Amino acid sequence: MSQAQSGIVRRQGPRQIALRILLFAVLGLFCLYYLIPLAVMISTSLKSLDEIRTGSLISLPHEISLDAWSKAWSSACVGVRCTGLEPYMWNSFLMVVPAVLISTFLGAINGYALTKWRFPGANVIFALMLFGAFIPFQIVLLPMARTLGYFGLAGSVYGLVFVHTVYGLAFTTLFFRNFFVSVSDGIVQAAKIDGAGFFPIFFKLMLPMALPTIVVSVIWQFTQIWNDFLFGIAFTVGDSNPVTVALNNIVATSTGVKEYNVDMAAAIIAGLPTLLVYVLAGSYFVRGLSAGAVKG
Amino acid sequence: MAGVKLDRVWKKFGQNEVIKGIDLEIAPGEFVVLVGPSGCGKSTLLNLIAGLETLTSGDIRIGEQQVNDVPPKDRNIAMVFQSYALYPTKSVHRNITFGMETRHIGHQEQEQAVSEVTQLLHIEQLLERKPGQLSGGQRQRVAMGRALVRKPDVFLFDEPLSNLDAKLRIEMRTEIKKLHQRLGKTTIYVTHDQVEAMTLASRIAVMDNGHIRQFGSPDDIYENPVDLFVAGFMGSPSMNIVRGRVLKNGSCGIEVTDGEGAIVFPLPEALAGKVAERTGQEIVLGLRPEIITHRGAHAPGSNVFAFERAIDVIEPTGPDTMLVFTLGGSEAIGRIRPGEAVAVDQPYRFQVNMDKAKLFDPASGIRL
Amino acid sequence: MTNAGTPRVALERFLDRWLPQIVVSPLFAASLVFVYAFIAWTIYISFTKSGVMPNYTLVGLAQYERVWSTPRWYVALQNLFVFTGLFIAGCMIIGVLLAILLDQRIRLEGAIRTIYLYPMALSFIVTGTAWKWILNPTLGIEKLVQGWGFRDFSFDWLVDPQMAIYTVVIAGVWQSSGYVMALFLAGLRSVDDEIIRAAAIDGAGPVRTYATIILPMIRPVFLSSIIILAHLAIKSFDLVVALTGGGPGYATDMPATFMYAFAFQRSELGTAAASAVMMLMTVMAIMVPYLYSEIRGSAK
Ligand SMILES: Nc1ncnc2c1ncn2[C@@H]1O[C@H](COP(=O)(O)OP(=O)(O)O)[C@@H](O)[C@H]1O
Ligand SMILES: [Mg+2]
């Protein structure tokens, strides 16, 4: 904690005060830098189209109107279907929940088996699996598209669940491996001597201990999968699109009048789930990010 | 050369009072050791003197100057830290010269100073290495070198030896003492190790919970502890604390009772006077292990009293053998020469020099 | 009892010995198939004359020649360099600056950190949509500044083929700089207190302390931040699609969008595969030495 720096006695004077004011000014400006786009989105989404054309980017809405929101939710045109984002939000939830749970569970058991039952080759297996976290996914798009087609999963939410589980596994394994490496082997040895086997030790002993890592993994996977666009656009069509793809389609629709307020409402709706997770579980989110630092 | 004077020094971290009104006057050239249990505020006090923490209230003077608002670099101090705090990305040489660089001291003079301290500390051959390539003892020397080149008025040490192994610790302890004798600089040294305190200090300040309990020479602290805390903290093994009752039938004595029966420790004149008013009351008797010993160990003419107790445990240490027994319901230790015939569970006849016994008030812990 | 028990005991012994491997195998097999076999397949396809459908006739480097003779590929590469360079520089400068400022024991630190980092929780599609509106050539910033009285102000980078790539940089830096801030703040906080105190006694002011002591100590954070940002940049696809759609024309194409266009819009599988292989090589050229040094470092 280099915070203690400020405990150090420093010469007091106008220069110090000026520097402190400058510090807060810069920090404040950057708060604006990060917040203004969000504020612009919200305020634009609450304006009418007329007001958007006459007012400016940062002017507040004179008359708050929720029309854009309801349109974005239930009647905006996504491509040719004018259903709003609602069905696509469901697609995303149907995709994200199983994919997050399965990949986290498999990552946990994999990380456990690789660290606590260190069989010959375990490290090589881990290194080979970790590699999957670094590849640009473009390299697997073509064969995956064909594979999904072959199994009849192309264009379906199940296909996406499968894809996200497979490619999320490298990350979740990494999270859990890093956690289990820090757990003393003695605990497992003692349980083995007491006669507990592979699965009882995992479910009764390891999984409860790994709760914080489970949270980190769930939040990381949720954010990654919800925000994914590449797999969504490559492997689904029309009404099985996840919400990111649908949002992009709403915005990119070129027919008719451009409804910026609807675009903004739709963008906020699509971003809301991950934003909420971030606000509610920020510290776990940050831990995921810095665990992610090891692998990018 | 400068002394250091603290006047009603307080430090709070938020609501947490860590230093609670400390007065301390350190003479120029003195070697003062701050000793106390972990968390009692020793480092905080040292940091206040160094200017690494701001005072909540009170006054600190170094020499004639009041330094409350003076930044550390202008206090003319040098400090050696527990973790050594060497700059890991700089070579040993740059670690030592960094302070001179920030002060724009000429190259010639820097080299001169470096060669002086490296010779003094025998680290000439380490100059080009990075701290990561040094052993613990070498790092310790480099940290000392960095402090020495400052040629400060006051040296501050925060547990500088606690990360070394036992043998090296004793070696470096001697070296620090030699350095002080040679340079004669005012030194304030923090440790939780009372042996280190006893060996190094010209005066010791015993701290507890943000207060200084006692400030005096090592002998004084050892022989005349002001209270049970100081008595128990200084000395190893620590003083035996025995609860008893003041008896007076003819001469004055302390009766200690437990399962093995009652023993009346007779008090010599000097002590008897202090409990004259307390007949029948509870009292705490303090007996250092080295005064409970075998027959014939005490100087002739001392008030020796003999008692018998069964031995619970025998702990040979080499030069002495410690005998653990039960006295007044708690564990007590006696210290005899090795080779005495003793056996566990057998009674042993101890001789105790009652001239050196201490008496404490059971409620306040103050020595009588 | 013994008769029935023996095979069961044998089975239990077997499971005891092999269960970990049995559990790991399918996951490892999945990784072998969906990572390694797929990569191999894509590499193979890149050497065939595959068009709309895979065709397994080898044609040597023809597809690569094709890619390297496409002007669009050069635009994509140039954009990749411009974007990666500016994106990394922007994120690093802002991230390091903010981390140092936030390190000064600010009372509102928690709240400010939350604000700096929230864009990282958003999808690049959401970010792209927001910035597309903010940078809108007629109704966005341009109109705002004109409204302030600067009548001649014009800001149409979004539709200017020369400048459009810089809008991607702007949005990308907005989204990712907070991440760098968080990495650096954690790095700064990991520096031992006593070293900072030692520097204060040595007379180093805050600027000197950061520049010559603290920042050099957290050099690994610089390395890993740059690697992560480079990785993000090379893979960047969503942001370009949402912000500019690769346009105007193909002015903001990147290798990722190039590959996607050839694979799914123009159905030239061989060419798409060749470009994907080149992306993989680029990422590997950065990641493999980094991972190698990381693993070697942690093994010590
Ligand atoms: N920067 C700080 N903020 C809050 N509390 C502190 C700080 N530094 C020390 N303390 C508290 O002050 C007490 C004394 O600490 P310290 O001086 O380090 O003790 P010692 O050096 O005697 O072990 C401890 O209880 C510690 O928790
Ligand atoms: Mg301390």
Side-chain angles (χ1 to χ4, degrees), chain A residues 1-6 8 23 26-27 30-31 34-35 37 40-41 44 56-58 106 109-110 113-114 117 119 125 129 131-132 134-136 138-144 166 169 198 223 227 229-230 234 244 247-248 251-252 260 263-264 267 270-271 274-275 278 282 286 289-290 293 296, chain C residues 19-21 23-24 27-28 30-31 34-35 38-39 41-42 98 101 103-105 112 114-116 118-119 121-123 125-126 129-130 133-134 140 143-144 147 179 182-183 186 188-189 191 193 196 200 224 227-228 231 234-235 237-238 241-242 256 259 263-264 269 273 276 279-280 283 287:
Chain A
M1 299 259 285
S2 55
Q3 289 208 345
Q5 262 221 313
S6 44
I8 294 170
L23 169 70
V26 175
L27 288 173
F30 272 98
C31 283
Y34 289 110
L35 283 176
V40 166
M41 285 168 84
T44 304
S56 85
L57 202 57
I58 55 168
L106 292 179
I109 201 158
N110 203 17
L114 288 173
W117 298 75
F119 46 87
I125 288 184
M129 290 189 71
F131 181 76
F134 301 99
I135 55 171
Q138 278 78 11
I139 196 78
V140 297
L141 281 188
L142 294 173
M144 186 51 99
V166 165
L169 205 53
F198 182 84
T223 317
N227 288 343
F229 179 71
L230 181 63
T244 45
L247 169 64
N248 188 53
V251 177
Y260 297 108
D263 291 357
M264 291 303 117
T274 49
L275 217 45
Y278 171 67
V286 175
L289 284 180
S290 42
Chain C
L19 206 48
Q21 285 94 322
V23 167
V24 170
L27 302 174
F28 182 49
S31 152
F34 295 110
V35 177
F38 276 19
I39 290 175
W41 192 86
T42 306
L98 292 182
L101 295 184
D103 194 31
Q104 309 306 313
R105 198 195 268 177
I112 295 178
T114 307
I115 290 171
Y116 289 176
Y118 88 87
L122 295 176
S123 157
I125 299 295
V126 174
T129 306
W133 163 233
I134 294 168
K143 189 172 173 209
L144 177 69
Y179 184 21
L183 291 178
L188 294 178
R189 293 284 155 82
V191 170
D193 229 25
I196 293 154
S224 51
I227 297 281
I228 291 165
H231 194 234
I234 294 167
K235 296 205 299 189
F237 172 70
D238 336 14
V241 171
M259 186 273 163
F264 293 91
L269 297 192
M279 285 182 68
L280 177 72
V283 172
M287 296 307 295

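Chain letters run A, B, ... following the sequence lines, proteins first and then strands; every chain starts at 1. The shown structure was predicted, so the numbers you read here are calculated from the model rather than taken from an experiment.
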Apply side-chain contact (heavy atoms from CB on, under 4.5 Å) to the pair F38(C) and V166(A), showing each step before the final yes or no.
CA-CA 13 Å; F38(C) 276 19; V166(A) 165; over 6 Å; no

Please report the shortest heavy-atom distance between T129(C) and A267(A), naming the atom on each side.
CG2-CB, 4.0 Å

Nearest atoms (heavy-atom pairs only) where T244(A) meets S123(C):
CG2-OG, 3.6 Å

Chain C contact via T223(A) - which portion, at a heavy-atom distance below 4.5 Å
side chain

Rounded distance [0.5 Å steps], OH in Y118(C) versus CG in L275(A):
7.5 Å

How long is the straight-line distance from CD1 of I139(A) back to CE of M259(C), given to the nearest 0.5 Å?
7.5 Å

Answer with side chain, backbone, both or neither: which region of F34(C) has an atom nearer than 4.5 Å to a non-hydrogen atom of chain A?
both

Nearest non-hydrogen partners of A263(C) and L142(A), listed with the distance:
CB-CD2, 3.6 Å

Under a 4.5 Å heavy-atom cut-off, does chain C meet the side chain of Y260(A), its backbone, both or neither?
side chain

Give, as side chain, backbone, both or neither, the part of M129(A) having an atom under 4.5 angstrom from any heavy atom of chain C.
both

Selection from L269(C), V23(C), I234(C) maximising heavy-atom pairs under 4.5 Å formed with chain A
V23(C)

Only counting residues at least two apart or in another chain, list the ones meeting side chain to side chain contact (heavy atoms under 4.5 Å, CB included) with D238(C).
F229(A), F124(C), I125(C)

Output the distance between atom CH2 (W133(C)) and atom OG1 (T44(A)), rounded to the nearest 0.5 Å.
5.5 Å

Given L27(A), L230(A), V26(A), the one with more heavy-atom pairs under 4.5 angstrom with chain C than any other is L27(A)

Options V283(C), I227(C), L27(C), ranked by heavy-atom pairs under 4.5 Å with chain A, top entry
L27(C)

If I compare all heavy atoms of A113(A) with all of V24(C), which pair ends up nearest, and what's the gap?
CB-CG2, 3.5 Å

Which atoms of L169(A) approach chain C - backbone, side chain, both or neither, heavy atom under 4.5 Å:
side chain

What part of M144(A) gets closer than 4.5 Å to chain C, counting heavy atoms only: side chain, backbone, both or neither?
both

Distance col, row I125(A):CD1 vs F28(C):CZ, nearest 0.5 angstrom, shows 5.0 Å

Name all residues meeting the ring-ring contact (aromatic ring centres under 6.0 Å, His included) criterion together with F119(A); count only those two or more places apart in sequence or in a different chain, and write none if there are none.
none

On the 0 to 90° scale, with breaks at 30° and 60°, tag the Y116(C)-Y34(A) ring pair as parallel, tilted or perpendicular.
tilted

Find the one option among L101(C), I112(C), V35(C) whose heavy-atom pairs under 4.5 Å with chain A are most numerous.
L101(C)

Under 3.5 Å: donor-acceptor pair, side chain of Y278(A), backbone of P119(C):
no

Taking A30(C), P20(C), A256(C), A276(C) one by one, which has the highest count of heavy-atom pairs under 4.5 Å against chain A?
P20(C)

Student check: side-chain heavy atoms of L19(C) and W117(A) closer than 4.5 Å:
no

First locate atom CD1 of I8(A), then atom CG of D193(C), and finally report the distance between them rounded to the nearest 0.5 Å.
8.0 Å

Less than 4.5 Å to any heavy atom of chain C: does that hold for the side chain of V140(A), its backbone, both, or neither?
both

Search all heavy atoms of T274(A) against all heavy atoms of A121(C) and return the closest pair with its distance.
OG1-O, 3.0 Å

